[in-house]
Amino acid sequence: MNQLIPQVESLIFAAIQPISLEDIRHCLSTVFERKFEDEQLLAAIADLKTRYIDDLYAFELIEISGGYQFLTKGAYHETVGTYLRQTTNRKLSKSALETLAIVAYKQPVTKSEMEQIRGVGCDYALQKLLEKELVEIKGRSEAPGRPLLYATSERFTNYFGINSLADLPKLKDFKQPDSEVGERAP
């Protein structure tokens with residue numbers, strides 16, 4: 001079978017975690033309705049390992065955790081690591097979410113206005129939102145001291161899966177709880 005190498009390559013590439021020789025054999029046997037010997041599969045894997053050693057490729061085929069997986073070559077770890085840190089959708093802290101909500105609904109807004117609404121400083125939360133590119137600087141206010149104005153970025157809509165800021169829930173959409181403990185503030 002002259003297409004064995006690309007078939008094995010596609011399985012290793014598509015696998016989320018290292019794929020074992022047994023899993024490769026089982027999948028290919030099911031698809032092609034024939035038995036594959038270890039020697040055939042190991043020869044295909046050896047061919048792939050040799051191919052990806054070439055400096056033309058930024059990744060290599062590694063035997064790891066009882067299976068096979070494509071991994072980035074060491075020379076590219078810093079670049080890939082930086083990219084992943086920039087694009088990873090880590091959960092936002094409660095303070096970052098509160099700050100982001102203020103920016104989304106009041107934009108463009110200054111840091112002092114955000115702090116006045118929240119009642120606490122928001123330097124750290126704002127810094128994290130800027131790093132995640134959910135908030136961006138839109139200019140300067142005409143107020144004394146010409147403070148920076150912050151607004152949501154295009155990435156904000158992607159992060160929350162909305163088409164535009166018009167899709168944000170309106171204040172009237174937030175329902176008050178049916179029962180609460182304590183008295184409402186005047």
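Note that the structure is predicted; figures quoted are calculated from it, not measured. We number each residue from 1, following the sequence as shown.
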Nearest-0.5 Å distance that lies between atom [atom1] in [X] and atom [atom2] in [Y]:
X	Y	atom1	atom2	result
L97	L134	CG	CG	9.5 Å
T99	Q127	OG1	CD	12.0 Å
I117	I102	CD1	CD1	5.0 Å

Applying salt bridge (Lys or Arg N to Asp or Glu O under 4.0 Å), which residue pairs with at least one partner in [range] are found, sequence neighbours left out?
range	result
residues 136-147	E136-K138, E142-R146
residues 57-74	K49-E63
residues 13-22	E22-R25

* Give me the one residue out of L28, V31, D23 that meets side chain to side chain contact (heavy atoms under 4.5 Å, CB included) with L11. => L28
Taking every non-hydrogen atom, the tightest pair across [X] and [Y]:
X	Y	value
E113	T110	OE1-N, 2.8 Å
P18	S65	CG-CB, 4.2 Å
L4	F36	CD1-CE2, 3.8 Å
Q107	T152	OE1-N, 2.8 Å
P108	L149	CB-CB, 4.0 Å

Ignoring hydrogens and geometry, is there a side-chain-to-backbone donor-acceptor pair from [X] to [Y] under 3.5 Å?
X	Y	answer
R155	K132	yes
S29	R34	yes
S153	E133	yes

* **With F156 via ring pair (Phe, Tyr, Trp, His ring centres under 6.0 Å) - residues at least two apart** =>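 Ring pair (Phe, Tyr, Trp, His ring centres under 6.0 Å) list for F156, sorted by chain: F160.
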* **Hphob cluster co-occupancy, L165 + L92, side-chain heavy atoms under 4.5 angstrom** => yes
* Find out if a path of hydrophobic residues (ILVMFWY) with successive side-chain heavy-atom gaps under 4.5 Å connects F59 to Y68. => yes
* **For T72, side chain to side chain contact (heavy atoms under 4.5 Å, CB included) partners two or more places apart** =>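 In terms of side chain to side chain contact (heavy atoms under 4.5 Å, CB included), with neighbours along the sequence ignored, T72 is linked to Y76, H77, V80.
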* Just jot down the side-chain hydrogen bond (donor to acceptor under 3.5 Å, both in side chains) partners of K128, sequence neighbours excluded, or say none. =>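 side-chain hydrogen bond (donor to acceptor under 3.5 Å, both in side chains) check on K128 returns E131.
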* Asked: L48 and R51: side-chain contact (heavy atoms from CB on, under 4.5 Å), yes or no, with the steps?
  -> CA-CA 5 Å; L48 289 169; R51 180 184 311 168; 3.9 Å; yes
* Does atom CG of D55 have more than 12 heavy-atom neighbours from other groups under 6.0 Å away? -> no
